[in-house]
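Here's the structure we're looking at; comments come further down.
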Amino acid sequence: ADAATISVLLQAKDQASAQIDKVRGSMGRLGESFGRHRKAMGLAATGISAGLAGIAVSFTKSAEEQRKTIRGLDTSLKTIGMSYEANKDEIEALFAAQQKQTNFGDEESRASLSRLITMTGDYEGSMKALVIAQDIAAASGKSADGVIKALSQVMNGTTTALKAYGIEAEKGESATSVLERAAAKYTGQAIAQFDAMTQLNQTFDDLKDAIGTIMLDKMSGWLEKADDMLRIVVDWVEQNPKLAKTLLTVVAAVTAFLAV
């Protein structure tokens, strides 16, 4: 090759070497930066994981609470020869309507209806009494539980039980008449107390229930598999205690090293 060609080749080689050195330098600095921030990155990842785990726990707990109130209502219905599943549409439609226009959420309504049915043995009457109870509770500022107890007593024949709520039973007046007067006096009171923020919280709770239910359904299969795997591990550890101890020591040492 002539001198000009050799000169061009040498310049190209020098430029390539410079680029390679530049890349190596950048990679080196990246490695140093990663080394300096590895712990912080690890903590950030741990924080994110912990946050997601917290959300998952909150959602599944909410869904489990919903299932608990459903089981309770189903138990109450079975005492009078009925079931939640067979009457689910009618029951949940009432709860949805109340939640949409009052501050009473579906879980609270579910628990209240369960109590009414248990104390009276009357499904249709309890469905009507639930709305009356929530109206009286909203107007009086007293707990729904206390109102439900009083209404149950009226339904069972103690017509004077609503005296504390301004309903004086006349001599010989029927329970049906007393309940009708209570309904007329307090109708619409729960709706009048409607609060938008409470409604928003209830809607968010419904979202948590929906997502949590999906997670619980998925987890049930995972938990069964995890239980099988853990049993295998437990059996192996019991059969190889010395080796298991050695492995745990190694894992602990590696974990400690990575955490530095």
Side-chain angles (χ1 to χ4, degrees), residues 65-195 197-199 201-203 205-206 209:
E65 285 296 322
Q66 181 187 54
R67 290 184 176 186
K68 183 179 179 180
T69 59
I70 290 174
R71 288 194 296 268
L73 178 54
D74 186 53
T75 298
S76 297
L77 286 165
K78 285 179 177 177
T79 63
I80 56 174
M82 300 176 70
S83 71
Y84 170 79
E85 191 61 35
N87 299 276
K88 177 180 177 180
D89 292 344
E90 180 182 31
I91 291 171
E92 292 299 329
L94 173 62
F95 296 162
Q98 288 299 98
Q99 177 170 305
K100 185 177 181 179
Q101 57 189 352
T102 74
N103 297 329
F104 294 93
D106 55 356
E107 289 188 18
E108 185 176 0
S109 292
R110 205 173 286 120
S112 295
L113 181 62
S114 179
R115 289 192 66 212
L116 281 164
I117 292 173
T118 297
M119 290 188 283
T120 66
D122 181 353
Y123 169 71
E124 294 294 341
S126 294
M127 290 281 282
K128 295 176 182 178
L130 175 65
V131 178
I132 299 174
Q134 291 178 345
D135 276 332
I136 295 176
S140 66
K142 297 182 180 180
S143 72
D145 285 345
V147 179
I148 285 169
K149 182 178 180 180
L151 283 172
S152 298
Q153 291 173 335
V154 172
M155 292 170 70
N156 288 329
T158 306
T159 55
T160 58
L162 285 174
K163 184 178 180 180
Y165 301 98
I167 305 297
E168 293 277 1
E170 299 177 2
K171 187 176 180 179
E173 187 176 11
S174 68
T176 300
S177 176
V178 172
L179 291 173
E180 287 176 348
R181 287 201 295 116
K185 178 175 181 176
Y186 288 102
T187 185
Q189 290 300 307
I191 296 175
Q193 300 291 330
F194 176 81
D195 178 70
M197 184 56 68
T198 300
Q199 177 69 37
N201 289 333
Q202 290 174 352
T203 302
D205 286 341
D206 287 343
D209 291 341

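Since we're looking at a predicted model, the values are computed, not measured.
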Legend entry - Rounded distance (nearest 0.5 Å) linking atom OG1 of Thr198 with atom CZ of Phe104: 10.5 Å

Inset, instruction - Run through Leu94, Asp122, Asn87 and flag the one making a side-chain contact (heavy atoms from CB on, under 4.5 Å) with Met127. - result: Leu94

Legend entry - Spatial distance of atom CG (Asn201) from atom CG (Asn103) [nearest 0.5 Å]: 10.5 Å

Inset, instruction - First locate atom CG of Leu130, then atom CD1 of Ile117, and finally report the distance between them rounded to the nearest 0.5 Å. - result: 9.5 Å

Legend entry - Closest heavy-atom pair and its distance - Ala161, Gln153: CB-OE1, 3.3 Å

Inset, instruction - Output every pair passing salt bridge (charged side-chain N to carboxylate O under 4.0 Å, His left out) with a member in residues 149-169, not counting sequence neighbours, ordered by first then second residue. - result: none

Legend entry - side chain to side chain donor-acceptor pair (under 3.5 Å) contacts touching residues 170-180 (sequence neighbours left out): Glu173-Ser177, Glu173-Arg181

Inset, instruction - Could you tell me which residues satisfy side chain to side chain donor-acceptor pair (under 3.5 Å) with Asp145, sequence neighbours excluded, listed by chain and number? - result: Arg115

Inset, instruction - Please tell me if the side chains of Leu77 and Ile91 come closer than 4.5 Å, counting only heavy atoms from C-beta onward. - result: yes

Legend entry - Those residues that, when tested against Glu92, pass salt bridge (Lys or Arg N to Asp or Glu O under 4.0 Å) (two or more places apart): Arg110

Legend entry - For the student: nearest non-hydrogen atoms of Met155 and Gly125, plus distance: CE-C, 3.6 Å

Legend entry - Verdict with reasoning, Met119 to Ile148, per side-chain contact (heavy atoms from CB on, under 4.5 Å): CA-CA 9 Å; Met119 290 188 283; Ile148 285 169; 3.6 Å; yes

Inset, instruction - Could you tell me the separation between the CG atom of Leu179 and the CD1 atom of Ile167, rounded to the nearest 0.5 Å? - result: 9.5 Å

Inset, instruction - Check side chain to side chain donor-acceptor pair (under 3.5 Å) between Ser76 and all other residues, then give those that pass, not counting sequence neighbours. - result: Ser114, Thr118

Legend entry - Partner residues of Asp195 under the salt bridge (Lys or Arg N to Asp or Glu O under 4.0 Å) criterion, sequence neighbours left out: none

Inset, instruction - Using the side chain to side chain donor-acceptor pair (under 3.5 Å) rule, collect all pairs that involve residues 123-139, keeping only residues at least two apart or in two chains. - result: Glu90-Tyr123, Gln98-Gln134, Ser109-Gln134, Thr120-Ser126

Inset, instruction - Looking only at non-hydrogen atoms, find the nearest pair between Leu162 and Ala150 and report the distance. - result: CD2-CB, 3.8 Å

Legend entry - Heavy-atom pair with the smallest gap, counting every atom of Lys142 and Tyr165: CD-CE2, 3.6 Å

Legend entry - Non-neighbouring partners of Ala111 that pass side-chain contact (heavy atoms from CB on, under 4.5 Å), sequence neighbours left out: none

Legend entry - Closest approach of Tyr186 to Ala139 (non-hydrogen atoms, all atoms of both residues): CD2-CB, 3.6 Å

Inset, instruction - Could you note down all residue pairs passing salt bridge (charged side-chain N to carboxylate O under 4.0 Å, His left out) where residues 182-192 supplies at least one of them, sequence neighbours left out? - result: none

Inset, instruction - Nearest 0.5 Å please: distance from the NZ atom of Lys88 over to the CG atom of Leu73. - result: 12.0 Å

Inset, instruction - Please identify each residue that fulfils side chain to side chain donor-acceptor pair (under 3.5 Å) with Gln99, with sequence neighbours left out. - result: Asp206

Inset, instruction - Over all heavy atoms of both residues, which pair between Ile132 and Ala182 is shortest? Give the atoms and the distance, please. - result: CG2-CB, 4.2 Å

Legend entry - From Arg67 atom CZ to Glu107 atom CD, the distance as rounded to the nearest 0.5 Å: 12.0 Å

Legend entry - Check: Asp106 and Thr69 side chains under 4.5 Å, non-hydrogen atoms: no

Inset, instruction - Identify, with sequence neighbours excluded, every residue that meets side chain to side chain donor-acceptor pair (under 3.5 Å) alongside Asp74. - result: Lys78

